[in-house]
Amino acid sequence: TEVATSTAQAAPATDLGNGYKTGQHAHVFETQIGKRNVRLNYLLYVPASYGQDPYAKYPLVIFLHGSRELGKDVNKVKKAVLPARLESETDFPAIVLSPQSPAQGWDGSVPAITALLDELEADFSIDPDRVYVTGLSMGAYGAWALAMKNQDRFAAIISVVGGYFYSARQLCVLKDIPIWVFAGKKDRNVNPKESVAIVSA
């Protein structure tokens, strides 16, 4: 179900069917995890060129926001770094999924994001060998959590000024996946030692 539509696009959106359009738009995903009904707000960006080549397969980037964008208003996610850029981008060369965490932390949303990823891979021409996860601050914690629960699913992990829920040693099961870790020496929210510990391990 579409709950909001971007108005900042540089080109008209093309209706792709199944409730999706090119450009960045807001949607709601509902699923059942165990006995619990889960509702996940998310933004989905689809490049303008999508569908023009029937044989093309697109990379998918999952972007997890920081604590400032959590809640129930998915429009807040549009202020985060990557979604903000995509509001005026017409042909960024990937499909981008930007879910919204309803509460502090991403760990509880990992099963719903995984189920949503399954659905998107069924609905879109996505290259399963080019699915990436990145997160900023709180979202970097979420990126590690999502990767730990989907250890064979991601082509790369990008952690930006964040930490992790696991021990650095536990994260070593991901060592064969390309990983790019960014830390800010003067970061007042997340101690850069957490990133250093991951890389060192």
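Starting from 1, each residue takes its place in the sequence as its number. Quick caveat, the model's predicted, so the values are computed rather than measured.
Side-chain contact between I95 and L120 is absent, with no heavy atoms from C-beta onward closer than 4.5 Å. A 4.5 Å side-chain heavy-atom check between I113 and W106 finds at least one atom pair inside the cut-off. Within the 4.5 Å cutoff, no side-chain heavy atoms of S98 are placed close to those of H65. Here the side chains of L146 and F154 are in contact, with some heavy-atom distance below 4.5 Å. Side-chain atoms of V38 and R36, non-hydrogen and from C-beta on, do get closer than 4.5 Å to each other. Looking only at side-chain heavy atoms (C-beta outward), H27 and Y20 come within less than 4.5 Å of each other. Between P59 and D127 there is no side-chain heavy-atom pair separated by less than 4.5 Å. Residues L16 and F124 meet the side-chain proximity criterion, which asks for heavy atoms closer than 4.5 Å.
Here the straight-line distance linking atom CG of L64 with atom CD1 of I158 works out to 11.5 Å at 0.5 Å rounding. One distance of note links OH of Y50 with OG1 of T14; it measures 12.5 Å at 0.5 Å rounding. To the nearest 0.5 Å, the span separating CG on L116 from CG on L44 amounts to 8.0 Å. Taking CG of L60 as the reference point, atom OG of S125 lies at 11.5 Å (rounded to 0.5 Å). The distance from the CG atom of L70 to the CE atom of M138 is 5.0 Å, given to the nearest 0.5 Å. Atom CG of D187 is separated from atom CD of E194 by 9.5 Å, given to the nearest 0.5 angstrom.
Classification of K79 and E87 as a salt-bridged pair fails, no side-chain N sitting under 4.0 Å from a carboxylate O. D73 and K78 are not joined by a salt bridge, as no carboxylate oxygen comes within less than 4.0 angstrom of a charged side-chain nitrogen. Salt bridge present: R39 and E30 bring a charged side-chain N and a carboxylate O closer than 4.0 Å.
Between A94 and P47, the shortest heavy-atom distance links the atoms O-CD, 3.4 Å. The shortest non-hydrogen separation linking A183 to P192 is CB-CB, 4.0 Å. Nearest heavy-atom pair, D91 versus A48, reported as atom, atom and distance to 0.1 Å: OD1-N, 3.2 Å. Between E121 and R153, the shortest heavy-atom distance links the atoms OE1-NH2, 2.9 Å. Taking all atoms of both residues into account, the shortest heavy-atom contact from G163 to W144 is O-CD1, 3.1 Å. Scanning both residues, Y141 and G162, for their nearest heavy atoms gives CE1-C, 4.1 Å.
Remark: the Y58 side chain and the S49 side chain contain an N/O donor-acceptor pair separated by less than 3.5 Å. N150 and T114 share a donor-acceptor pair across their side chains, judged by distance under 3.5 Å alone.
Side chain of Q100 to backbone of V74: a donor-acceptor contact under 3.5 angstrom is found. Between the side chain of S101 and the backbone N or O of A103 there is at least one donor-acceptor pair closer than 3.5 Å. Judged by distance alone, the side chain of Y45 and the main-chain N or O of F92 form a donor-acceptor pair under 3.5 Å.
At a threshold of 4.5 Å between side-chain heavy atoms, the hydrophobic network of Ile, Leu, Val, Met, Phe, Trp and Tyr places I33 and V110 in two separate groups. In this structure, L174 is not a member of the same hydrophobic cluster as V196, with clusters built from ILVMFWY side-chain heavy atoms closer than 4.5 Å.
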*Please walk me through it: do L40 and V28 pass side chain to side chain contact (heavy atoms under 4.5 Å, CB included)?*
CA-CA 6 Å; L40 186 69; V28 175; over 6 Å; no
*Test side chain to side chain contact (heavy atoms under 4.5 Å, CB included) on I126 and K57 and set out the steps.*
CA-CA 5 Å; I126 292 170; K57 287 192 174 290; over 6 Å; no
